[in-house]
Amino acid sequence: GDSPFRTFVSPSRPSFESITAYDYPGTTHFEGLSTGVYKSETNFYLQARDKFANTINDGPLSEVQIIETISSSQIGGRFEVSLLDKTVRFEGSAFISELEKGLRSVPGVGSVKVTSNSVKDLIVGKTVVVTKGLNVVIPNEGLNEFIVGDWIRIGDEDDGQLFSIAEISLIAPYSVTLSSSYLGESDTSASIYQHGTPLNRKGYQYIVSFDSSLGDLPAMQVDGDLMDGDDATIQVTSCDWNVRQSLQLYATAIAPIEGHFYLTYKGEQTRLMSV
C-alpha cells in the first residue's frame, strides 16, 4: 500500500564548494557556459547548494519598489529616476529592459531586475506562432494594433513573457521581431496581449527588484516634468518591502530599566524579551 509519510528535505547552510553553474543551451543570450557571440551579451546561472548538494532556493529578501507612469492620453516625452545620488533619464514609454539597464549603470546598485504587471488586454481572435529560443513570432494575421516600440505579452495573461516590438510586418508574410528570445514552450497559437488601445498607451508599471545584498534602500526619486500626455504624472507607489526600523528604550525615572517587553505586527506577537 501507499505510505502515509512524506520526506521533506530542508537544506543546511550554503557550501561554496557545492555551488553549481548552468545555462540553457540553444537559447540565445542564455547559453553563457556553452557558447557566445562576439560583443553580444549572454548569461549563465549559479545554483546555491549545501554540502550535501541539496538546492537552496531561499535567500535574503530583495528591496522592491514600484514606479508607475500615468496619463489620460498617449504617454510620451521623458522621465527621470534618481537613486544613490545619480539621475538616469528614460523615454516615457521605456521598456522594462531599458529601465533595468539604466539603473544598473548607477554605481553601487549592481544587479537589478525589472518586471511589470502592465499589458493585460487580450487581442481577441489573433494569435502567434512562437518557437522557444527565437525572437521572431508569426501572427495568424496582421497585428495592426501595434507599432514598433509597443509592449506585447505572449502566452498567459499573468505569467506570459513580456516584450517590446523591435520590428513588425503588417503585410503577408506577417512577422514580429521581439526585443528578446521567447523562453516558453513552443506554441502554434499563443495568446497575445496589448496595453490599453492602439496609439493610446496611458502609462506603464515598473516593478524594480534590487540585489538583496543592498538591504533597505531609500525610495527612488522620480521626476516627470519632461513627460508628454494629458495630466501625465509619475510616482513611486510602493517602497515598503524591506523596511528597517530602530527601537530605543528610555527610562522616565532615574532607576534603571527592568522587566520584559514584546512587539506586535499585523496580528503577530513576538515572545517576551528582556530589556
- prompt: Do Val222 and Ile67 come within less than 4.5 Å of each other through their side chains, counting heavy atoms only?
  reply: yes
When every non-hydrogen atom of Ser164 is compared with those of Gly149, the smallest separation belongs to CB-O, 4.3 Å
| Do the side chains of Lys132 and Leu183 get nearer than 4.5 Å, heavy atoms only? | no
Nearest heavy-atom contact between Glu91 and Phe79 is O-CE2, 3.2 Å
In terms of heavy-atom contacts, Asn140 and Lys126 come closest through OD1-CA, 3.5 Å
Hey, are the side chains of Phe30 and Tyr45 touching, using non-hydrogen atoms and a 4.5 Å cut-off? yes
Can you see whether Gln194 engages Arg201 through a side-chain donor-acceptor pair at a distance of less than 3.5 angstrom?
yes
Enclosure of Gln269 CD (heavy-atom neighbours >12, cutoff 6.0 Å): yes
Taking the six-membered ring where the residue is Trp, are the ring centres of Trp151 and Tyr204 under 6.0 Å apart? yes
Rounded to the nearest 0.5 angstrom, the CG-CG distance for Leu170 and Leu143 is 7.5 Å
Ser15 and Glu17: side-chain donor and acceptor closer than 3.5 Å? yes
Query raised in the report: Can Val176 be reached from Phe146 by stepping across I, L, V, M, F, W or Y side chains whose heavy atoms are under 4.5 Å apart?
Result: yes
Any side-chain heavy atom of Glu63 sitting closer than 4.5 Å to one from Asp216? yes
**OP:** Take atom CD of Glu167 as the centre, draw a 6.0 Å sphere, and report whether it contains more than 12 heavy atoms from other residues, nucleotides or ligands.
**Re:** no
* Asked: Salt bridge or not for Arg104 and Glu100, using N-O below 4.0 Å?
  -> yes
Problem - same_hphob_cluster(Ile123, Val129) at 4.5 Å side-chain heavy-atom cutoff - result: no
Practice task
Flag yes if more than 12 heavy atoms outside Tyr22 fall under 6.0 Å of its OH atom; otherwise flag no.
Solution key: yes
* **Basic-acidic side-chain contact under 4.0 Å: Glu80, Arg89** => yes
Between Tyr193 and Val119, the two heavy atoms sitting closest are O-CG1, 3.2 Å
Would you find a donor on one side and an acceptor on the other, under 3.5 Å apart, between the side chain of Ser62 and the backbone of Phe210?
-> yes
Tested for side-chain contact (heavy atoms from CB on, under 4.5 Å) against Val130, the lone hit among Thr127, Leu134, Val128 is Val128
Checklist line | Pair Asp158 + Lys120: basic N to acidic O under 4.0 Å | finding: yes
To the nearest 0.5 Å, atom OG of Ser10 lies from atom CG of Asn54 at 9.0 Å
(request) Check for a donor-acceptor pair, side chain of Gln161 on one end and backbone N or O of Ser181 on the other, with a separation under 3.5 Å. (result) yes
Side-chain touch Glu157/Ser191, heavy atoms, less than 4.5 angstrom: no
Open item on the list: Determine whether Leu99 and Lys101 satisfy the following criterion, side-chain contact (heavy atoms from CB on, under 4.5 Å), listing intermediate values before the conclusion.
Closed with: CA-CA 5 Å; Leu99 201 78; Lys101 181 179 179 181; over 6 Å; no
Item to check | Validation row: Ile168, Val148 side chains within 4.5 angstrom (heavy atoms) | outcome: yes
* Ile70 and Val208: same hydrophobic cluster, using ILVMFWY side-chain contacts below 4.5 Å? -> no
* Asked: Can you check whether Arg153's main-chain N or O pairs, donor with acceptor, with His195's side chain at less than 3.5 Å?
  -> no
Close side-chain approach of Ser209 and Thr115, heavy atoms under 4.5 Å: no
Closest heavy-atom pair, Leu83 versus Val109, reported as atoms and distance to 0.1 Å, is CD2-CG2, 3.8 Å
- Message: Would a single hydrophobic cluster contain both Leu263 and Leu272, if residues Ile, Leu, Val, Met, Phe, Trp and Tyr are joined by side-chain heavy-atom contacts under 4.5 Å?
- Response: no
Short question: side chain of Gln74, backbone of Asn200 - any donor-acceptor pair under 3.5 Å? yes
Here the gap from Gln235 atom CD to Ile66 atom CD1, rounded to the nearest 0.5 Å, amounts to 11.0 Å
Treat each ILVMFWY residue as a node, draw an edge where side-chain heavy atoms are under 4.5 Å apart, and state whether Ile165 and Phe95 are in one component.
no
To the nearest 0.5 Å, atom CD1 of Ile96 lies from atom OH of Tyr206 at 9.5 Å
- Task: Before giving the answer on side-chain contact (heavy atoms from CB on, under 4.5 Å), spell out for Phe90 and Val81 the whole-Å C-alpha distance, their side-chain angles and the decisive distance to 0.1 Å.
- Result: CA-CA 8 Å; Phe90 302 95; Val81 179; 3.9 Å; yes
Could you please spell out the steps behind the side-chain contact (heavy atoms from CB on, under 4.5 Å) verdict for Ile234 and Asp223?
CA-CA 7 Å; Ile234 181 172; Asp223 186 339; 6.0 Å; no
query = Side chains of Ser34 and Asp23: donor-acceptor distance under 3.5 Å anywhere?
reply = yes
When you compare the side chain of Thr69 with that of Ser71, does any pair of heavy atoms fall below 4.5 Å? no
- prompt: Do Ser72 side-chain atoms and Asp230 backbone N/O form a donor-acceptor pair below 3.5 Å?
  reply: yes
Rounded to the nearest 0.5 angstrom, the CG-CD1 distance for Asp187 and Ile154 is 10.0 Å
Please test Asp228 against Ile75 for side-chain contact (heavy atoms from CB on, under 4.5 Å), starting from the C-alpha separation and ending with a verdict. CA-CA 6 Å; Asp228 295 334; Ile75 201 160; over 6 Å; no
Here the gap from Ile207 atom CD1 to Lys113 atom NZ, rounded to the nearest 0.5 Å, amounts to 11.5 Å
On a heavy-atom basis, the closest approach of Val136 and Ser175 is CG1-CB, 4.3 Å
Discussion item. Between the side chains of Arg13 and Asp50, is the shortest nitrogen-to-carboxylate-oxygen separation below 4.0 Å, so that they form an ion pair?
Written reply: no
- Query: Is there a donor in the side chain of Arg49 and an acceptor in the side chain of Thr20, or the other way round, less than 3.5 Å apart?
  - Reply: yes
